[in-house]
Amino acid sequence: MALAVWLVSFTYTWITLMLDASAIKKPHQQCLSSPKQTRIRETRMRKDDLTKVWHPKREQLLHIEDHDFSTRPGFGGSPVPVGIDVQVESIDSISEVNMDFTMTFYLRHYWKDERLSFPSTTNKSMTFDRRLIQKIWVPDIFFVHSKRSFIHDTTVENIMLRVHPDGNVLFSLRITVSAMCFMDFSHFPLDTQNCSLELESYAYNEEDLMLYWKHGNKSLNTEEHISLSQFFIEEFSASSGLAFYSSTGWYYRLFINFVLRRHVFFFVLQTYFPAMLMVMLSWVSFWIDRRAVPARVSLGITTVLTMSTVVTGVSASMPQVSYVKAVDVYMWVSSLFVFLSVIEYAAVNYLTTVEEWKQLNRRGKISGMYTIDAVQAMAFDGCYHDSESDVDQTSFSLHSEEDSMRTKFTGSPCAESSQIKRKSLGGNVGRTILENNHVIDTYSRIVFPIVYIIFNLFYWGIYV
C-alpha cells in the first residue's frame, strides 16, 4: 500500500515538471526566431542590391603582396616597352629673357605587367588613384632640361591608374613643366623659334626600358584654342631618338617639338614705326633756313635723344646676347641717319661761315667810324646779315647820344635791318630762298630719303 502511494506521487511530480519545462521552452524559441528571420531578410536584400556585396580587397585581387614590384616587369628578359601619348592643354608662357617655356599637358603611359593580371568574368578594368602607385612598379619618366615641374593636386592629386584583367596598365598624370628653350635671336623680332620638351627614363637604359610613341605621330594632341600673345604656333610634332651618357649607357628619348613664329605687328607699332618717324623728322632740318641756328640745332638734338630712348627700351626687354639682332641693325642704322642729319647742319653752318668771311675779305673794310662785319652784327643784335646794306644798317657811332635816343624810339636795329632787307628783295622771295640755301641742304633733301628707302628694302627683304 505504501509502495503504491509512492509511485503515484512520483508520477504526478514528473508530469508536473515536464509541463513546466515545455512552457518555458516555447517563449525562448520564439525569441530566438526573430534575429534569425532578420538575418534571412538581410541576406535576401543583399542579393537584390549588388552594391552591398562585400568584395575582397583589390590589392588582394591583384596579388600585390605576392610579388616583388621593386623590379621591372619581365626582369632579366627583353626591355619592357612603354608607350607614351601626350595631350597638350596649354602653353602658359614663353620668356625670351629666361629662355624657357611653360606647358601644361596630360602624360599617359602604357605598358603590360602580368603580375597585375586578375580573373574577371566581365573583362572590365579597374581604376585606382594615387594610393596604389606607391605599391607597384611604374616608369620613372623625367623631363630633360626642365627647370621646375609639378603634378596638379586640386581637388586631389591628378593621378589615375587603370588596370585591365590581362595586365595592361594605363598610368595618367596632369603636369605643368617649365623647360629650357635654346632660342636664336639673330632675327628678332622677325624670328621663328624651335622649342622641344624631352622625355626620358632616369634609371632604366635601353636594355631595361624602351620608350616609344603609342600611336606614332598621332600620339601628340593639342587643344584647338591654344594661343599666345606674341607667338603663332605653326607646328606640333613628335619624334624619338637615343641619348648617350658615358657612365650609364644609351637611353630612349622622346621629343615634343613645336615651332613658334612671332607676331611682328606689335613691334612694328612700338619700335619700327617710331624709329621711322624720328628719321623722317630729322629730315625737316634740311628744309629750314640755314640761318635759323636754334631751330635746326634743337630739332637735331631732340631726334637724337628720342632715338636713344627707343633703343634703350628695346634692349631692356631682351636677353643680353653676344651677337647682333635684327632689331639692333634697324635701330642703330636709324640712329645713324638721325645723327648724320645733325652733322649735316654742322657742316652747312661751318661752310656758310667760311664763305661769308671770304666775301667780306673781298669787299674790304666797310666805311664808317665804327663798322662791324656780318658775324659780329649777328652776335650783337641777334639778326643774320648777309649783304652790305644790312651791315651798313647795323653800323653805329658812339659819340652821339641823339643816335641812341633815336634808336630807342624808332625801333631796334634788327627791325630796321629787316625792313631794308624786305625792300631790297623787291618781291623776288623765291630767288632769295634759293640763294640762302646751301648746296649740301639741297642734295641732302634727295640723298637721305633715297638711301633710307634702299636700306628698308634690303632690311625687310633679308629678314622677312
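Note that this is a predicted model, so its numbers are computed, not measured.
The aromatic rings of F236 and F258 sit tilted, their planes meeting at an angle between 30° and 60°. Taking the six-membered ring where tryptophan is involved, the planes of F455 and F337 are tilted, since the angle between them lies from 30° to 60°. Using bins of under 30°, 30° to 60° and over 60° for the plane-to-plane angle, the ring pair W111/H109 lands in the perpendicular bin.
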Side chain to side chain contact (heavy atoms under 4.5 Å, CB included) between N98 and K147, worked out: CA-CA 11 Å; N98 299 324; K147 295 183 177 181; 4.2 Å; yes

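Annotation: Y463 is not in aromatic contact with Y330 [ring centroid separation under 6.0 Å not met]. Between F150 and H152, the ring centre distance stays below 6.0 Å.
Looking only at distances, a side-chain donor or acceptor of R445 sits under 3.5 Å from a matching main-chain atom of F286. Listed for the S282 side chain is a donor-acceptor partner under 3.5 Å among the backbone atoms of V279.
The heavy-atom pair separating F267 from Q230 by the smallest distance is CZ-OE1, 4.0 Å. Here the closest non-hydrogen pair linking L211 and E200 is CD1-CA, 4.0 Å. In terms of heavy atoms, S335 sits closest to V311 at OG-CG2, 3.9 Å. The two residues P189 and V327 make their nearest non-hydrogen contact at CD-CB, 3.7 Å. Across all non-hydrogen atoms, the minimal contact from T71 to W137 is O-CD1, 3.7 Å. Of all heavy-atom pairs between V163 and L116, the closest is CG1-O, 3.7 Å.
Side-chain atoms of Y110 and D85 include a donor-acceptor pair closer than 3.5 Å. Side-chain atoms of Y272 and S334 include no donor-acceptor pair closer than 3.5 Å. Residues D92 and T176 have side chains that never bring a donor and an acceptor to within less than 3.5 angstrom of each other. Under 3.5 Å, the side chains of S117 and D166 contain no donor-acceptor pair of N or O atoms. Inspection of the N205 and T248 side chains reveals no N or O donor paired with an N or O acceptor under 3.5 Å.
Side-chain contact between R296 and R290 is present, with at least one heavy-atom pair separated by less than 4.5 Å. Side-chain contact between Y106 and N221 is absent, with no heavy-atom pair separated by less than 4.5 Å. Between M126 and L132, every side-chain heavy-atom pair lies at or beyond the 4.5 Å cut-off. Contact of the D113 side chain with the I136 side chain is not registered, since no non-hydrogen atoms from C-beta on lie closer than 4.5 Å. Inter-residue side-chain proximity for T127 and L170 is flagged as unmet; no heavy-atom pair is nearer than 4.5 Å. Using a 4.5 Å heavy-atom cutoff, the side chains of L220 and V88 are in contact. Using a 4.5 Å heavy-atom cutoff, the side chains of Q193 and F185 are in contact. Counting heavy atoms from C-beta outward, E223 and T104 have side chains that stay 4.5 Å or more apart.
With sequence neighbours left out, W213 forms a side-chain hydrogen bond (donor to acceptor under 3.5 Å, both in side chains) with no residue at all. Residues forming a side-chain hydrogen bond (donor to acceptor under 3.5 Å, both in side chains) with D153 (at least two apart in sequence, or on another chain): none.
Remark: F458 CZ is loosely packed, at most 12 non-hydrogen atoms of other residues, nucleotides or ligands lying under 6.0 Å away. Within 6.0 Å of CZ in F244 there are more than 12 heavy atoms belonging to other residues, nucleotides or ligands. The local environment of CZ in F339 is sparse, with at most 12 non-hydrogen atoms from other residues, nucleotides or ligands closer than 6.0 Å. Within 6.0 Å of CH2 in W460 there are more than 12 heavy atoms belonging to other residues, nucleotides or ligands. Within a 6.0 Å sphere centred on OH of Y323, heavy atoms belonging to other residues, nucleotides or ligands number more than 12.
Checking each of F255, F101, Y202, F105 against F143 for a ring-ring contact (aromatic ring centres under 6.0 Å, His included) leaves exactly one that passes, namely F105.
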